[in-house]
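Here's the structure, in C-alpha cells; my notes come after.
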2 protein chains.
Amino acid sequence: MTLPTGRRERKKAATRQKIADTALRLFLERGYDAVGIRDVAAEADVAVTTVFSHFASKEALVFEQDQDFEQRLTQAVTRRARHEPLIPALRREIEALVRHCTADSAAPIWHMVDASPALREYEESMRLRHAESLAMAIAADPDLPQTTTVCRTIARFVIDAHSLAREAADPETALDEIFRMIEAAWAATRPSTDAHSCSGTASRGRVGDSPE
Amino acid sequence: MTLPTGRRERKKAATRQKIADTALRLFLERGYDAVGIRDVAAEADVAVTTVFSHFASKEALVFEQDQDFEQRLTQAVTRRARHEPLIPALRREIEALVRHCTADSAAPIWHMVDASPALREYEESMRLRHAESLAMAIAADPDLPQTTTVCRTIARFVIDAHSLAREAADPETALDEIFRMIEAAWAATRPSTDAHSCSGTASRGRVGDSPE
DNA sequence: CCTTAAATGCTAACCGTTAGTGTTACGGTC
DNA sequence: GACCGTAACACTAACGGTTAGCATTTAAGG
C-alpha cells in the first residue's frame with residue numbers, strides 16, 4: 001500500500017498543476033488562439049510531450065477540472081437522501097455549479113470559451129460525456145425503474161439546463177423556468193405513481209403548483 | 001440578377017459534389033481516419049485548397065447536407081398550419097429525419113460517425129447550431145409568446161430527441177417516450193391555457209431559497 | 001475584345017498531436 | 001545500501017488538418 005503522499009505523485013501533481021496554471025495564465029494574457037502548445041511547454045519549462053501526457057488536448061488545459069463536475073453530478077443522484085425525489089436533488093447540484101461558473105472570478109475564462117469555437121466544441125463533447133454518466137447513475141438507482149431512453153433523456157435535459165442557465169442573462173430565473181419543464185417531463189414518465197394518472201397520449205400534463 | 005443556372009455556378013456545384021462524393025466513397029472504403037485530405041483532393045482531381053474552399057473542415061465533408069436538416073427543422077415551425085400546435089409539428093419532422101438517418105442506406109455512414117470521435121464532436125457542434133436556429137424560429141412565432149429561455153430549452157429538447165432516438169434500439173418507441181416528456185415540458189410553460197390538471201405528486205416549484 | 005472577378009491551382013508553412021527513443025529518478029525489494 | 005523495474009519526462013522528427021500568398025484559368029458582362 002503506497003501512501004498517497006509519495007514523492008513521485010507529488011511531483012507529478014505539481015507538474016500537472018504548473019502546466020495548467022501556466023496555460024491558463026498565458027491564454028488569458030494573450031488569447032487562446034495566440035498561444036501555442038510550444039509556448040505553454042516552454043513557459044512551464046517542460047517538454048511538449050509532457051503536456052500531452054497530462055492533458056489529452058489543448059482544450060483540456062482549460063477544462064482542467066471537468067472530472068469534478070462529472071462526479072458531483074453523479075453523486076447528486078447516488079448519494080441523495082433516501083427516497084428524496086430525483087429532480088430537486090439534481091436541481092440543487094446544477095444550481096451550485098451554475099453559480100460556480102457565473103462567479104466573477106470565472107468570468108474571464110468563460111468569456112474566452114465563448115470566443116473560441118474550438119473550446120465551445122470541446123465543451124459540447126464534455127457535456128455529452130457528463131450526460132451519459134448521469135444517465136448511468138439514474139439508471140442504476142433501484143428506486144427509479146425507468147427505461148434507458150428516459151434516463152438518457154432526463155440526463156440530457158439536466159445537462160442542457162446547466163448550459164442554458166450559464167448563458168442566460170438571469171441564471172436564477174432561467175433555472176426556475178427550465179426545471180419547471182424538467183419536473184413536468186419527469187412526471188410524465190410515471191403515470192401510475194398516484195392514482196391521478198392522466199395517461200393516454202398525455203398531451204398536457206398537470207401544471208405544477210405555480211409559486212407565483 | 002444572374003439566372004441561377006450560370007455555367008460558373010453549375011461547374012462550382014459539380015466540383016463540390018464531386019469532392020463530397022469522392023470523400024464519402026473513400027471514407028467508407030478505407031475508413032475515415034485512414035483517408036487524408038490530400039488523398040481526397042488527389043482522387044477528386046482538385047487542389048487541397050479547393051477542398052477547403054467548398055468545405056470548412058474534413059468533418060464537414062461527411063455532414064454535407066446539414067443545412068437541409070436545419071432548414072427543415074425551422075420550416076417545420078414557420079410553415080406549419082395556422083394554429084397547429086408546435087410540438088406535434090416538430091415531432092413529425094423529427095420522426096421523418098430519424099427515419100432518414102436509420103435507413104439501411106445511411107447505416108454505414110452513421111457507423112463511421114459513431115466510430116470516430118472527431119466526427120461525433122463535429123456532430124455535437126452541429127446540433128448546437130441547429131438548436132439555436134430552432135430556438136430563433138420558435139421565438140419568432142407570434143402565437144408562442146415565450147421567454148427566450150423557454151424557446152432555447154424546448155429547442156434543445158427537440159434536438160436531443162433526434163440524437164437519442166437515432167441511437168436507440170427502437171427509434172419509434174424512443175420517440176414516443178421522449179416526446180411525451182417534451183409535451184409535458186411544453187405544457188408546463190403555459191399554466192393558464194386550459195388546465196385539465198391531473199396533478200400527481202405535487203412537485204415543488206419553489207426551490208432556490210437555500211442553496212446548501 | 002477586354003476587363004473584372006470568381007474559381008482553382010501550387011507552394012510552403014503553421015500548429016496540434018503522436019511515435020520513437022532515450023534518460024532520469026523514484027519506489028519497492030533483496 | 002545495492003538493485004531493478006518503471007513511471008515521468010525530454011528530445012527529435014514527423015504526420016495531418018488547415019491556411020496564407022500568389023499565380024493561373026475561365027466565365028460574365030460591357
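To find a chain, count down the sequence lines: A is the first, B the second, and so on, and within it residues start at 1.
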From C-beta outward on [X], which listed nucleotide comes closest to its side chain: [options]?
X: A:K12; options: D:dA8, C:dG9, C:dT17; value: D:dA8
X: B:E59; options: D:dT18, C:dT17, D:dA27; value: D:dT18
X: B:S53; options: D:dA8, C:dT8, C:dT17; value: C:dT8
X: B:R38; options: C:dA7, D:dG17, C:dG9; value: D:dG17
X: B:R7; options: D:dA10, D:dA27, C:dG16; value: D:dA27

So [X], base contact, sugar-phosphate only, or nothing? Heavy-atom distance under 4.0 Å.
X: A:V48; value: base
X: A:V35; value: sugar-phosphate
X: A:D45; value: sugar-phosphate

- Task: Classify the side chain of A:R8 versus the base of D:dA8 as yes if they form a donor-acceptor pair under 3.5 Å and no if they do not.
- Result: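 Side chain to base: no pair present.
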- Taking N and O atoms by type only, does the side chain of B:T49 place a donor or acceptor under 3.5 Å from a partner on the base of C:dC10?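 By the distance-only test, yes, there is a pair.
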Calculate the interatomic distance between [X] atom [atom1] and [N] atom [atom2]; express it in whole Å.
X: B:E9; N: D:dA27; atom1: CD; atom2: P; answer: 13 Å
X: A:F55; N: D:dC9; atom1: CZ; atom2: P; answer: 11 Å
X: A:K18; N: D:dC9; atom1: NZ; atom2: P; answer: 12 Å
X: B:D33; N: D:dG16; atom1: CG; atom2: P; answer: 11 Å
X: A:I37; N: C:dG16; atom1: CD1; atom2: P; answer: 6 Å
X: A:R10; N: C:dG27; atom1: CZ; atom2: C1'; answer: 13 Å
X: A:F52; N: C:dG16; atom1: CZ; atom2: P; answer: 7 Å
X: A:Y32; N: C:dC15; atom1: OH; atom2: P; answer: 13 Å

- Message: Classify the ring geometry of A:H130 against A:F69: parallel below 30°, tilted from 30° to 60°, perpendicular beyond 60°.
- Response: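 Answer is parallel, since the angle falls under 30°.
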- Query: DNA chain C: B:R16 or A:S57, which has the more 5' nearest nucleotide?
  - Reply: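 With B:R16 and A:S57 compared, the 5'-side residue is B:R16.
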- Would you call B:R92 and B:E84 a salt bridge, taking side-chain N to carboxylate O under 4.0 Å as the test?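 Judged by the 4.0 Å cut-off on N to carboxylate O distance, B:R92 and B:E84 do form a salt bridge.
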- Message: Taking the cut-offs as 6.0 angstrom to the six-membered ring centre and 45 degrees off its axis, would you call A:K58 and A:Y122 a cation-pi pair?
- Response: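 Ring-cation test returns no.
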Does OP1 or OP2 of [N] have a side-chain N or O of [X] closer than 4.0 Å?
X: A:K11; N: C:dA25; value: no
X: A:T50; N: D:dA8; value: no
X: A:H54; N: D:dC9; value: yes

- Between B:T74 and B:R79, does any side-chain donor sit less than 3.5 Å from a side-chain acceptor?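 Side-chain D/A pair, B:T74 to B:R79: absent.
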- Query: Checking side chain to side chain contact (heavy atoms under 4.5 Å, CB included) against B:I159, which of B:L164, B:L73, B:I154 comes through?
  - Reply: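 The option that passes is B:L73.
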- Query: Shortest non-hydrogen contact from B:A34 to B:D39?
  - Reply: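 The answer is O-OD2, 4.1 Å.
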